[in-house]
Amino acid sequence: MIELFGIRPFISLNLCNMVGGIVILSQTPDWSHHPWRKLIEVSTEIYNLRTVQNFWLETLKILNRGEEEASQNIARDLTNCDLFGYQHIEAIIGIDLTQHNFLEYVQPFLLVISHTALLNCTSIEPNVNDLYKIIDGDRRGLTFLTNVCNAILADWESNARMYSMEKYLVATTIILCEVVSHEKQVQFSDRISHLLDLIERLLLEAQIPEQSSSYKLVANRVQGLKRIFCHLEIVGTETARAKANLKGTFGQHDSSDLTKIEILPTYADIRNIQRKALPSFNFDKSCFSAGVERLIDFHYRLLRHDCLGTVEKQLSKLLRMLRDDPNVDFKNSKHLNFEKEGFFVYDNVYIHRLLFDQRCGLQAQLCFRSRQSGSQQRSEEGFWGEERRTMQPGSLICLVTTHVKMRSIVFFTVSAAKGPPGISSDHQHITVMARIAEEESQKRVDHLLQLTWQRKGVRSILVEFPGVLLPTFIPILKNLQQMQRESRVPFQQWIVPQSHLKTPIDILPPLYARATGFFFSLRNLLVNKAEDFKLRPNDYRNDVRLLESRTALDQGQCEAITTALTHEFALIRGPPGTGKSYIGLQLVKVLLENKSKAQLGPIIILYDI
């Protein structure tokens with residue numbers, strides 16, 4: 001029998017060895033006792049700037065060690081109101097530009113808040129958001145970054161620099177992008193244009209090679225920010241451009257800025273559906289946006305139409321019926337059969353009560369009568385027993401209210417049949433628990449409360465769309481909106497090249513393959529594994545026939561593999577059966593074989609079934 005003595009449950013344990021039936025355990029220090037935690041627990045009021053600098057240096061050391069749990073704890077503690085991370089940030093942000101050794105103090109801070117361990121971790125995203133709100137409080141973020149750039153430029157011109165400009169220029173650019181991303185109001189600041197010009201000047205002064213990853217990151221981010229502000233200017237003139245007969249692509253009721261379009265249709269969308277048009281496939285046609293913004297806009301509107309077009313069409317049909325006959329009987333009319341069209345309608349629906357669940361958020365307890373079979377009303381047990389294909393958890397439902405003073409549509413998703421224990425309802429009705437599918441706002445809550453209180457004289461209809469599952473497309477649409485805000489698409493210089501270019505685009509090799517003397521080893525593709533085949537990114541065209549002779553691949557497949565490996569962006573296409581999936585498998589084999597030499601990170605594979 002093995003027995004553990006004196007071990008507190010909150011201390012993590014590592015098994016070291018076992019001697020004579022006794023397990024010897026070593027204790028992993030709890031985070032609350034970590035030396036770094038002791039630093040942040042003390043107010044900076046008793047410290048000088050040198051001590052604050054040492055705090056950020058220690059923080060940087062921990063992040064550079066790559067300990068995921070420690071990095072997450074740091075992000076949480078920096079924004080913990082009970083600790084003094086806020087003061088450590090204030091001490092750096094508030095340094096005067098004329099302060100001696102200004103750059104020396106701020107360098108570790110810049111590297112910490114731009115560190116990938118913080119920015120690329122989903123679990124601490126709320127903490128990083130709070131961190132950047134502190135940094136840009138009262139719009140200090142732009143002033144601080146401008147001071148940093150001015151100090152770097154002054155040091156560079158006076159040859160007093162004792163550091164690599166490249167590293168801190170990259171950090172400053174990343175921080176600026178994060179400030180813009182987290183604080184939307186900063187996009188309208190006049191000072192940001194000056195800051196972008198400063199960064200571009202530093203990029204030229206530093207003489208960073210154009211082929212390097214640092215140069216590409218800074219240049220692409222700066223150009224992306226400039227496109228954001230250019231896009232804002234275009235959107236700002238939306239009304240004038242519409243009057244100038246630029247209505248070729250979208251309906252007048254639809255916003256030209258897709259970031260302001262509600263994903264789920266509104267009452268106005270349904271009423272004006274006849275005037276709504278899809279984006280044109282003719283990219284030479286006049287439109288509110290161009291370039292990257294137009295490409296994202298195009299895919300956003302098409303995807304939204306594919307996923308919600310049927311919902312809008314069916315709701316529009318319902319509203320037209322109610323407009324023509326406010327007392328239309330959906331249950332007994334011989335001319336109406338919604339089930340054949342794939343959705344169900346329930347009349348005389350009311351909200352019995354609103355509830356708030358810690359996990360699900362705001363929920364409504366909806367009550368209605370089941371569909372009739374002749375004159376026989378089905379009981380609640382019969383409804384759930386015989387009609388299980390309806391009101392399944394996750395199904396999209398829409399509450400339509402047509403009262404003169406309360407016209408609205410509200411989308412929900414079914415969370416559970418009936419209500420939670422202890423919640424009573426009218427046993428003559430069917431009860432469904434549903435959570436609101438749209439962004440919760442005070443206006444939305446007020447409207448639902450009004451519907452709950454004023455049941456008499458207000459006719460509400462519930463429409464169910466069993467085949468529409470929001471989680472399958474809502475995150476994609478939100479990501480497209482975020483990409484539009486940032487005006488950034490991966491590989492946009494290849495996907496959306498400048499329209500005036502008349503010559504073919506020379507696509508460079510991947511960054512990891514641009515080092516002098518680099519080559520890919522294609523040993524895994526050869527028939528004879530004892531041999532090796534070296535593919536050099538800058539001299540690959542002469543290797544295609546030689547590779548074909550030493551593998552089981554045909555000429556087209558060899559060309560596809562060599563092109564994909566030696567170009568930053570490649571498109572391989574062909575009819576079914578030509579081996580596109582097989583080529584993808586061979587490419588992954590080559591990348592895995594060369595992963596250590598090229599220092600590759602994770603390999604992401606997207607496969608569409």
Open item on the list: Rounded to the nearest 0.5 Å, what separates atom CZ in R545 from atom CD in E559?
Closed with: 8.0 Å
Distance-only donor-acceptor pairs under 3.5 Å for side chains of residues 70-77, two or more places apart:
{"unit_1": "S71", "atom_1": "OG", "unit_2": "E67", "atom_2": "O", "d": "3.0"}
{"unit_1": "Q72", "atom_1": "NE2", "unit_2": "E68", "atom_2": "OE2", "d": "3.3"}
{"unit_1": "Q72", "atom_1": "NE2", "unit_2": "S123", "atom_2": "OG", "d": "3.3"}
{"unit_1": "N73", "atom_1": "ND2", "unit_2": "E69", "atom_2": "O", "d": "3.2"}
{"unit_1": "D77", "atom_1": "OD2", "unit_2": "W31", "atom_2": "NE1", "d": "2.8"}

Task: Pair R50 + E104: basic N to acidic O under 4.0 Å - done: yes
Task: CD1 on I135 to CD1 on I175, rounded to 0.5 Å - done: 6.5 Å
Open item on the list: Go through it in stages, so that I can follow the logic: the residues are L103 and V106, the test is side-chain contact (heavy atoms from CB on, under 4.5 Å), and I'd like the CA-CA distance, side-chain angles, deciding distance and then a yes or no.
Closed with: CA-CA 5 Å; L103 285 175; V106 303; 4.2 Å; yes
Task: Value rounded to 0.5 Å, distance of CD1 in I134 from OH in Y86 - done: 7.0 Å
- [ ] Under the side-chain contact (heavy atoms from CB on, under 4.5 Å) rule, what do F55 and T59 come out as? Steps first, then yes or no, please.
- [x] CA-CA 6 Å; F55 168 80; T59 307; 3.9 Å; yes
- [ ] Could you please spell out the steps behind the side-chain contact (heavy atoms from CB on, under 4.5 Å) verdict for L131 and I89?
- [x] CA-CA 9 Å; L131 177 62; I89 297 173; 3.2 Å; yes
TODO: Flag the pair Q107 / Y168 as yes when at least one side-chain heavy-atom distance between them is below 4.5 Å, and no otherwise.
DONE: yes
Task: Nearest non-hydrogen partners of A151 and F102, listed with the distance - done: CB-CD2, 3.7 Å
Task: K478 atom NZ, neighbour heavy-atom count above 12 within 6.0 Å - done: no
Task: Q484 side chain to E293 backbone, donor-acceptor under 3.5 Å - done: yes
Task: Side chains of L592 and L600 in contact at under 4.5 Å (non-hydrogen atoms) - done: no
Open item on the list: Less than 3.5 Å apart, any donor N or O on the side chain of Y512 or Q599 sitting next to an acceptor on the other?
Closed with: no
Task: Any L169 side-chain heavy atom under 4.5 Å of S214 side chain - done: no
Task: salt_bridge(R514, E568) N-O dist < 4.0 Å - done: yes
Task: Sequence neighbours excluded - ring-ring contact (aromatic ring centres under 6.0 Å, His included) pairs with any residue from residues 108-129 - done: W56-F109, F109-F144
- [ ] State, to 0.1 Å, how close L63 and A117 come at their nearest heavy-atom pair, and which atoms those are.
- [x] CD2-CB, 4.2 Å
TODO: Please check if any side-chain donor atom of E531 sits under 3.5 Å from a side-chain acceptor atom of N528, or the reverse.
DONE: yes
- [ ] Taking all heavy atoms of I92 and all of Y105, pick out the closest pair and write down the distance.
- [x] CD1-O, 3.7 Å
Task: Side chains of R536 and K534 in contact at under 4.5 Å (non-hydrogen atoms) - done: yes
TODO: Taking the side chain as every heavy atom from C-beta outward, state whether V222 and L203 have any atom pair closer than 4.5 Å.
DONE: no
TODO: Give a yes or no answer on whether the side chain of N524 reaches the backbone of V590 with a donor-acceptor pair at less than 3.5 Å.
DONE: no
Task: R304 side chain to I263 backbone, donor-acceptor under 3.5 Å - done: yes
- [ ] May I ask you to decide if T563's main-chain N or O and H567's side chain share a donor-acceptor pair within less than 3.5 Å?
- [x] yes
TODO: Could you tell me which non-hydrogen atom of P537 sits nearest to which non-hydrogen atom of A513, and how far apart they are?
DONE: CG-O, 3.4 Å
Task: Residue pair E200 / Q223, side-chain heavy-atom distance below 4.5 Å - done: yes
Open item on the list: Side chains of N80 and N127, heavy atoms from C-beta outward: is any pair under 4.5 Å?
Closed with: no
Task: Nearest-0.5 Å distance, CG of residue D297 to CD1 of residue I261 - done: 6.5 Å
- [ ] Using the test side-chain contact (heavy atoms from CB on, under 4.5 Å), find all partners of F533 that sit at least two apart in sequence or belong to another chain.
- [x] L522, L526, D543, L546, L547, R550
Task: Least distance between heavy atoms, L57 atom then P108 atom - done: CD2-CB, 3.7 Å
- [ ] Identify whether the distance between the nearest side-chain nitrogen and carboxylate oxygen of E178 and R221 falls below 4.0 Å.
- [x] no
Task: Minimum-distance pair of heavy atoms, taken over all atoms of T172 and C149 - done: CG2-SG, 3.9 Å
Task: N/O donor-acceptor pair under 3.5 Å between K580 side chain and G574 backbone - done: yes
Open item on the list: Looking at K589 and E593, is there a salt bridge between them, counting it only when a charged N and a carboxylate O are closer than 4.0 Å?
Closed with: no
TODO: Measure the spacing between CG of N479 and OH of Y300 and express it to the nearest 0.5 Å.
DONE: 11.5 Å
- [ ] Apply the test side-chain contact (heavy atoms from CB on, under 4.5 Å) to residues I62 and R65: give CA-CA distance (whole Å), side-chain angles for both, the deciding distance (0.1 Å), then the verdict.
- [x] CA-CA 5 Å; I62 298 174; R65 285 200 291 265; 3.4 Å; yes
Open item on the list: With a 3.5 Å distance limit and no angle check, can you tell me whether N594 reaches the backbone of K597 through a side-chain donor-acceptor pair?
Closed with: no
Task: Point-to-point distance, once rounded to the nearest 0.5 Å, from CG of L225 to CG of N220 - done: 11.0 Å
Open item on the list: Any non-hydrogen side-chain atom of I40 less than 4.5 Å from a side-chain atom of L78?
Closed with: yes
